[in-house]
Amino acid sequence: MKVQLFVLFFLTISACAQTVATPKEVEAVYPAAHELYVDLHQNPELSAHETQTASKLATRLRELGYEVTEKVGGTGMVAIMKNGAGPTVMLRTELDALPVEEKTGLSYASKVHAKDDSGRDVPVMHACGHDLHMAALLGTAAIMAHSKESWHGTLMLIGQPAEETVGGAERMIAEGLFTRFPKPAVGVALHVGNNLPAGQVGITPGVYNTNSDSIRITIYGKGGHGSQPHTTIDPIVIAARTILALQTIASREVKPGEMAVVTVGSLQAGAKNNIIPDRAVLGLTVRSYKAEVRKQVLAAIARIAKAEAEASGAPREPLIEEFESTDSVYNDPALAQRLRAPLESALGKTNVATDEPVAASEDFSFFVKQGIPGFYFDLGGANPEKLAEAKAAGAILPSNHSPFFAPDAEPALKTGIAAEVAVLRNLLQGSPADLRKSMTPAP
């Protein structure tokens with residue numbers, strides 16, 4: 001009996017040890033991962049234009065022995081490593097950067113400019129941490145390739161384009177991501193940010209972030225001379241009244257306590273101070289957690305825009321277009337609970353936090369909608385001392401999309417690699433049926 005208990009104890013300890021990436025493993029892959037991080041940071045590419053970015057990642061994964069397919073969904077990339085019978089698990093990274101001028105002062109700061117889809121010359125920066133995500137994936141891929149005895153099944157690595165414009169995941173799926181390649185039993189992704197110190201990760205069971213809808217409202221008026229407003233129907237005035245009225249949706253129509261955001265981020269109208277234009281265009285972002293709140297808010301936006309135009313005698317009803325949309329990302333609660341243990345083993349119990357849902361959004365939800373249970377978690381990127389100082393002063397460190405956003409690269413990257421390896425090794429054990437039994441269906 002004592003021998004049996006010892007054997008059981010030994011097997012449990014061995015399984016746990018196999019799940020955790022050793023410091024030696026992480027240190028061995030870190031130089032190449034960091035080199036890629038610096039290269040990508042200095043050479044960012046805009047959404048759907050990530051040709052060199054995808055090529056760099058694909059080349060390095062081929063060198064590790066992965067079977068790589070490029071140009072999936074535009075500039076997307078899929079890398080597969082089969083290692084015997086077992087489940088298929090997907091790890092996804094984004095490829096794209098943002099039209100932001102970098103002001104971090106880093107020695108490897110981006111100085112890149114590029115043409116956006118409208119032909120404008122814009123600065124480009126990895127202001128959302130996708131460069132670190134790609135570097136972490138490379139380090140993780142290397143460890144997994146060099147330690148096949150610690151897992152079995154199929155590892156599927158995704159380099160997804162155009163996350164920032166909410167289109168890349170959907171295009172990859174439309175081009176056969178889950179028919180040309182194995183459909184994974186689980187999808188995993190992480191996101192770095194300054195809300196947690198480097199060295200920590202955060203788990204959010206259930207709803208992780210928001211539904212997101214991008215709305216364009218074109219308001220029509222009657223143009224004319226600025227000195228004779230009585231001969232015109234001023235679309236700028238209609239737009240101003242519409243903007244103010246839209247703010248009453250969250251404050252007066254949505255039930256208090258429910259999450260709803262209606263932000264007018266752009267107003268484009270006119271070209272000269274003494275000319276009243278014949279139209280004005282509003283750009284909105286709308287966020288919500290619940291489907292019914294989302295439906296209510298979108299209906300209210302349309303109602304208010306039409307009513308303000310009619311009240312002003314506009315010559316025609318406004319045109320309301322939804323040009324980007326994604327559902328909230330949902331983390332399978334049972335899966336999140338399962339993966340807490342290997343993350344705590346890898347990083348330490350105090351370095352695995354439970355986070356609240358965030359107001360950001362992203363298109364990882366398209367993968368979940370295909371019936372793939374998801375685990376999307378936070379990676380701390382803030383320098384711990386600077387984060388503590390900011391909290392003490394009541395300040396906030398630069399967020400994602402800020403020209404000043406720069407994660408504390410070395411500890412964040414090493415933590416990301418260790419966390420991803422722990423998660424993948426845990427999931428790539430047992431049979432696909434056993435893995436499915438440990439999860440709950442998304443709502």
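This one's a predicted model, so the numbers in the text were calculated from it and none came from an experiment. Along the sequence shown, the residues carry numbers beginning at 1.
Counting heavy-atom neighbours within 6.0 Å of Ile396 CD1, excluding the residue itself, gives a total of 12 or less. The number of heavy atoms from other shown groups lying within 6.0 Å of CD (Glu35) does not exceed 12. In the displayed structure, Arg120 atom CZ is contacted under 6.0 Å by at most 12 heavy atoms of other residues, nucleotides or ligands. Within a 6.0 Å radius of CD in Glu170, no more than 12 heavy atoms belonging to other residues, nucleotides or ligands are found. Counting non-hydrogen atoms of neighbouring residues, nucleotides and ligands closer than 6.0 angstrom, the CD atom of Glu67 reaches no more than 12 such neighbours.
Two residues are said to be in side-chain contact when any heavy atoms from C-beta on lie closer than 4.5 Å; Asp363 and Gln160 meet this criterion. Contact annotation: the side chain of Ser214 approaches that of Phe323 to within less than 4.5 Å [non-hydrogen atoms, C-beta and beyond]. Side-chain contact between Leu177 and Ile158 is present, with heavy atoms from C-beta onward closer than 4.5 Å. Put simply, the side chain of Pro23 does not reach to within 4.5 Å of the side chain of Val26, judged on heavy atoms. The shortest distance between side-chain heavy atoms of Arg436 and Pro432 falls below 4.5 Å. Proximity of Pro44 to Asp131: side-chain heavy atoms (C-beta onward) are nowhere separated by under 4.5 Å. Here the side chains of Phe377 and Asp355 are not in contact, with every heavy-atom distance at 4.5 Å or above. Side-chain contact between Val352 and Gln200 is absent, with no heavy-atom pair separated by less than 4.5 Å.
For the residue pair His113/Asp121, the side-chain donor-acceptor check at 3.5 Å is satisfied. Looking at Glu50 and Thr75, their side chains do bring a donor and an acceptor atom within 3.5 Å of each other. Under 3.5 Å, the side chains of Arg287 and Thr263 contain no donor-acceptor pair of N or O atoms.
The backbone N or O of Ala245 lies less than 3.5 Å from a partner atom in the side chain of Thr248, making a donor-acceptor pair. Looking at Ser55, its side chain never comes within 3.5 Å of a backbone N or O of Thr51 through a donor-acceptor pair. The backbone N or O of Ala97 sits nowhere less than 3.5 Å from a side-chain atom of His130 that would complete a donor-acceptor pair. Without hydrogens or angle criteria, Asn211 side chain to Tyr289 main chain gives a donor-acceptor distance under 3.5 Å. Using modelled atom types, no side-chain atom of Glu362 and backbone atom of Val166 make a donor-acceptor pair closer than 3.5 Å. The main-chain N or O of Gly193 is never found under 3.5 Å from a side-chain atom of Asn400 such that the two would form a donor-acceptor pair. In terms of modelled atom types and a separation under 3.5 Å, the side chain of Asp378 and the main chain of Val201 share no donor-acceptor contact. A donor-acceptor pair is defined here as one N or O able to donate and one able to accept, closer than 3.5 Å; no such pair exists between the side chain of Glu45 and the backbone of Leu95. With hydrogens and angles ignored, the 3.5 Å screen pairs a side-chain donor or acceptor of Tyr66 with a backbone N or O of Ala141. When atom types are taken as modelled, the side chain of Asn209 and the backbone of Val329 share a donor-acceptor pair closer than 3.5 angstrom.
When the options Thr53, Thr93, Thr69, Leu57 are evaluated for a side chain to side chain contact (heavy atoms under 4.5 Å, CB included) with Met77, the one that passes is Leu57.
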Could you walk me through whether Arg92 and Glu94 pass the salt bridge (charged side-chain N to carboxylate O under 4.0 Å, His left out) test, one step at a time? CA-CA 7 Å; Arg92 172 271 212 166; Glu94 317 91 315; 3.7 Å; yes
Give the C-alpha distance, both sets of side-chain angles, the deciding distance and a yes or no for side-chain contact (heavy atoms from CB on, under 4.5 Å) between Cys128 and His191. CA-CA 9 Å; Cys128 204; His191 206 296; 3.4 Å; yes
Could you give me the CA-CA distance, side-chain angles and deciding distance for His126 and Asp96, then say whether side-chain hydrogen bond (donor to acceptor under 3.5 Å, both in side chains) is met? CA-CA 8 Å; His126 269 296; Asp96 54 338; over 6 Å; no
Apply the test side-chain hydrogen bond (donor to acceptor under 3.5 Å, both in side chains) to residues Asp213 and Ser325: give CA-CA distance (whole Å), side-chain angles for both, the deciding distance (0.1 Å), then the verdict. CA-CA 4 Å; Asp213 298 281; Ser325 180; 2.9 Å; yes
With side-chain contact (heavy atoms from CB on, under 4.5 Å) as the criterion, how do Val297 and Ile301 come out once you've worked through the C-alpha distance, each side chain's angles and the decisive distance to 0.1 Å? CA-CA 6 Å; Val297 171; Ile301 289 170; 4.0 Å; yes
Carefully, step by step, assess Thr210 and Arg294 under the rule side-chain hydrogen bond (donor to acceptor under 3.5 Å, both in side chains). CA-CA 10 Å; Thr210 64; Arg294 183 186 203 177; over 6 Å; no
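For the pair Asn43 and Val112, the tightest heavy-atom approach, listed with the atom from each and the gap, is CA-CG2, 4.2 Å. Smallest separation of non-hydrogen atoms from Pro384 and Ala198: CG-O, 4.1 Å. Of all heavy-atom pairs between Ala359 and Met259, the closest is CB-CE, 3.6 Å. Annotation for Ser365 and Asp327: closest pair OG-O, 2.9 Å, computed over non-hydrogen atoms.
Between Glu292 and Lys255, no side-chain nitrogen of the basic residue sits less than 4.0 Å from a carboxylate oxygen of the acidic one, so the salt-bridge criterion is not met. Of the charged side-chain nitrogens involved, at least one lies within less than 4.0 Å of a carboxylate oxygen, so that Glu321 and Arg216 count as a salt-bridged pair. With salt bridges taken as basic N to acidic carboxylate O contacts below 4.0 Å, none links Lys414 and Asp408. With salt bridges taken as basic N to acidic carboxylate O contacts below 4.0 Å, one links Arg425 and Glu25.
The aromatic rings of His41 and Tyr108 stand perpendicular to each other, their planes meeting at an angle above 60°, with 30° marking the opposite boundary.
One finds the CG atom of Asn426 at 9.5 Å from the CG atom of Leu424 (value rounded to the nearest 0.5 Å). Between Met125 atom CE and Gln42 atom CD the span is 13.0 Å, to the nearest 0.5 Å.
Taking the centre of each ring, Phe364 and Phe366 stay at or above the 6.0 Å mark.
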